[in-house]
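Naming: A, B, ... by sequence-line order, numbering from 1 per chain. No experiment lies behind these values; they were computed from the predicted model shown. Computation of the quantities below employed the complete heavy-atom set of this structure, encompassing side-chain atoms and omitting hydrogens, waters and symmetry-equivalent molecules.
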There are 2 protein chains.
Amino acid sequence: MPRGRTRDEEARIRILDATFELVGANSPGKVTINEIAAAGEVAKQTIYRWWPSRTAVLLDALVHGTMKATPFKETDNLQSDFEGHLRGVIRLFNSPTGKIIRELIAESHADETIAEEFRNRFWQPRRDLSQARLQRGIELGQIRSDIDHEVVLDAIYGPLWLRLLIGHLPMKPADARRIVDAVWPGIAQP
Amino acid sequence: MPRGRTRDEEARIRILDATFELVGANSPGKVTINEIAAAGEVAKQTIYRWWPSRTAVLLDALVHGTMKATPFKETDNLQSDFEGHLRGVIRLFNSPTGKIIRELIAESHADETIAEEFRNRFWQPRRDLSQARLQRGIELGQIRSDIDHEVVLDAIYGPLWLRLLIGHLPMKPADARRIVDAVWPGIAQP
DNA sequence: GCTTAAATACGAGACTTCTAGTATTTATAG
DNA sequence: CTATAAATACTAGAAGTCTCGTATTTAAGC
């Protein structure tokens with residue numbers, strides 16, 4: 001047991017909650033560290049004692065505020081499982097979470113460390129989930145075995161990310177069906 | 001003919017060229033206006049006389065440096081036309097142009113004006129090109145007529161954008177074939 | 001047990017640094 | 001005479017650092 005005052009766990013949670021809420025609520029512009037500190041009722045230095053940068057706080061807030069993975073059912077109909085999962089992710093992206101993701105992607109451009117952490121802590125776990133399901137589909141003979149997993153996953157989830165980041169069109173939960181329908185014939189076992 | 005000294009056209013080009021080169025060459029971090037001014041051998045105020053913001057310069061530099069649209073052949077084989085076009089775009093995204101696009105997307109997050117201009121001046125023209133080709137395919141009976149164009153285009157080009165912006169995997173020109181192959185069965189006229 | 005010292009965290013806010021964008025002044029081209 | 005360009009000082013705002021006083025917890029001395 002280390003000596004000294006212990007970390008204020010409630011402060012940590014207040015910081016992450018405040019960050020998540022501020023970024024999700026405030027329109028595009030940046031949320032400053034001072035605002036986060038004020039909203040979390042915490043001194044700025046308390047933030048910098050535990051996080052190396054503003055962006056690191058954002059990333060933690062994202063992971064903290066989106067803990068529960070979007071569910072991925074496992075029925076005997078793989079196609080509708082994917083459709084359901086995609087629909088869930090679409091909903092997630094249309095919530096405040098979407099704004100935080102956008103901001104993190106933006107910041108990632110200037111900070112490869114954050115880019116990597118984003119992939120490791122947010123992107124990859126979800127990716128692995130879909131990937132495993134795809135693999136299972138192959139073993140069950142529902143999916144062609146000669147496909148490039150990465151390309152298929154990018155084709156299914158890419159349109160959603162594209163619309164989130166470019167903003168040319170909204171992405172509705174109902175689009176999940178269209179997307180999966182468009183891609184499925186190319187990957188299903190004939 | 002306007003009175004007074006005329007605009008220095010060479011300076012304008014030096015600014016755009018310098019911007020394009022600096023963003024493309026320098027690793028992730030931001031290129032500052034001062035650096036651009038120095039590299040273009042121009043006073044900072046000369047930049048702000050003609051562009052409203054740093055990001056506006058970036059956007060002009062992108063359009064200026066990527067003038068020639070990636071070619072879109074029109075043979076009797078629509079599938080391979082799409083594949084060829086996608087291959088071209090992949091190559092473009094792997095060049096310095098890719099970095100400028102990433103930076104612009106990042107900046108767009110905090111500036112909806114730029115986001116809109118980016119879509120209008122870079123995204124939409126290319127989108128329209130692909131869209132027209134898709135429409136033509138329908139008229140020729142090669143493509144199903146009941147598909148959602150937007151979703152199909154997002155599925156074809158989404159993976160590329162995804163890999164550019166997330167950086168989880170590189171996108172090679174050879175992937176163009178895999179992507180189009182994956183999507184095509186879902187849209188081709190049976 | 002009780003007191004005290006050591007170690008660490010927190011709050012508050014001044015301070016530093018960096019960069020976008022503005023303003024001013026002087027020179028130069030049409 | 002008029003508008004642009006160069007040079008450079010200036011303003012504003014935000015990230016991140018530093019300092020100081022205070023609070024909290026463990027360990028040592030008695």
Between [N] ([atom2]) and [X] ([atom1]): distance, integer Å:
{"X": "A/Arg5", "N": "D/dT24", "atom1": "CZ", "atom2": "P", "value": "6 Å"}
{"X": "B/Ile33", "N": "D/dT8", "atom1": "CD1", "atom2": "P", "value": "18 Å"}
{"X": "B/Arg7", "N": "D/dA3", "atom1": "CZ", "atom2": "C1'", "value": "13 Å"}
{"X": "A/Glu9", "N": "D/dT24", "atom1": "CD", "atom2": "P", "value": "17 Å"}

Taking all non-hydrogen atoms of both residues into account, name the closest pair between [X] and [Y] and its distance.
{"X": "B/Ile114", "Y": "B/Ser108", "answer": "CG2-OG, 3.8 Å"}
{"X": "B/Gly98", "Y": "B/Leu164", "answer": "O-CD1, 3.9 Å"}
{"X": "B/Pro170", "Y": "B/Asp175", "answer": "O-OD2, 4.2 Å"}

Tell me every residue that passes side-chain contact (heavy atoms from CB on, under 4.5 Å) with A/Thr75, counting only those two or more places apart in sequence or in another chain.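 With sequence neighbours excluded, A/Thr75 shows a side-chain contact (heavy atoms from CB on, under 4.5 Å) to A/Lys73, A/Asn77, A/Ser80, A/Asp81, given in chain and number order.
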
Could you pull out all residues at least two apart from [X] that satisfy side-chain hydrogen bond (donor to acceptor under 3.5 Å, both in side chains)?
{"X": "B/Asp181", "value": "B/Gln79"}
{"X": "A/Glu116", "value": "none"}
{"X": "B/Asp76", "value": "none"}

Output yes when A/Lys30 and A/Glu103 qualify as a salt bridge under the 4.0 Å nitrogen-oxygen rule, no when they do not.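 Looking at A/Lys30 and A/Glu103, the cut-off is not met.
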
Is a salt bridge present between B/Glu112 and B/Arg119, judged by a nitrogen-to-oxygen distance below 4.0 Å? yes

Contact class for B/Glu41 (heavy atom, under 4.0 Å): base, sugar-phosphate, or nothing? sugar-phosphate

Could you please name the option among C/dA20, D/dG16, C/dC10 that lies closest to any side-chain atom of A/Arg54? D/dG16

Could you list the donor-acceptor pairs under 3.5 angstrom formed between side-chain atoms of residues 56-68 of chain A and any protein atom two or more places apart in sequence or on another chain?
unit_1, atom_1, unit_2, atom_2, d
A/Asp60, OD1, A/Arg121, NH1, 2.7
A/Asp60, OD1, A/Arg121, NH2, 2.8
A/Asp60, OD2, A/Trp51, NE1, 2.8
A/His64, NE2, A/Asp17, OD1, 3.1
A/Thr66, OG1, A/Leu62, O, 2.8

Of [range], the positions that come close to DNA chain C - non-hydrogen atoms, cut-off under 4.0 Å:
{"range": "residues 43-52 of chain A", "result": "A/Ala43, A/Gln45, A/Thr46, A/Arg49, A/Trp50"}
{"range": "residues 10-23 of chain A", "result": "none"}
{"range": "residues 97-112 of chain A", "result": "none"}

Any ring-ring contact (aromatic ring centres under 6.0 Å, His included) pairs touching residues 96-121 of chain B, not counting sequence neighbours?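 The answer is B/Phe118-B/Phe122.
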
Mind jotting down which residue pairs meet the ring-ring contact (aromatic ring centres under 6.0 Å, His included) criterion with at least one end in residues 3-50 of chain A? Sequence neighbours excluded, please. none

Side chain to side chain donor-acceptor pair (under 3.5 Å) pairs, two or more places apart, involving residues 153-162 of chain B: A/Arg163-B/Asp154, A/His168-B/Asp154, B/His85-B/Tyr157, B/Arg127-B/Asp154, B/Ser130-B/Tyr157

Produce the list of close N/O pairs, under 3.5 Å, pairing protein atoms with atoms of nucleotides 28-30 of chain D; give distances to one decimal.
none

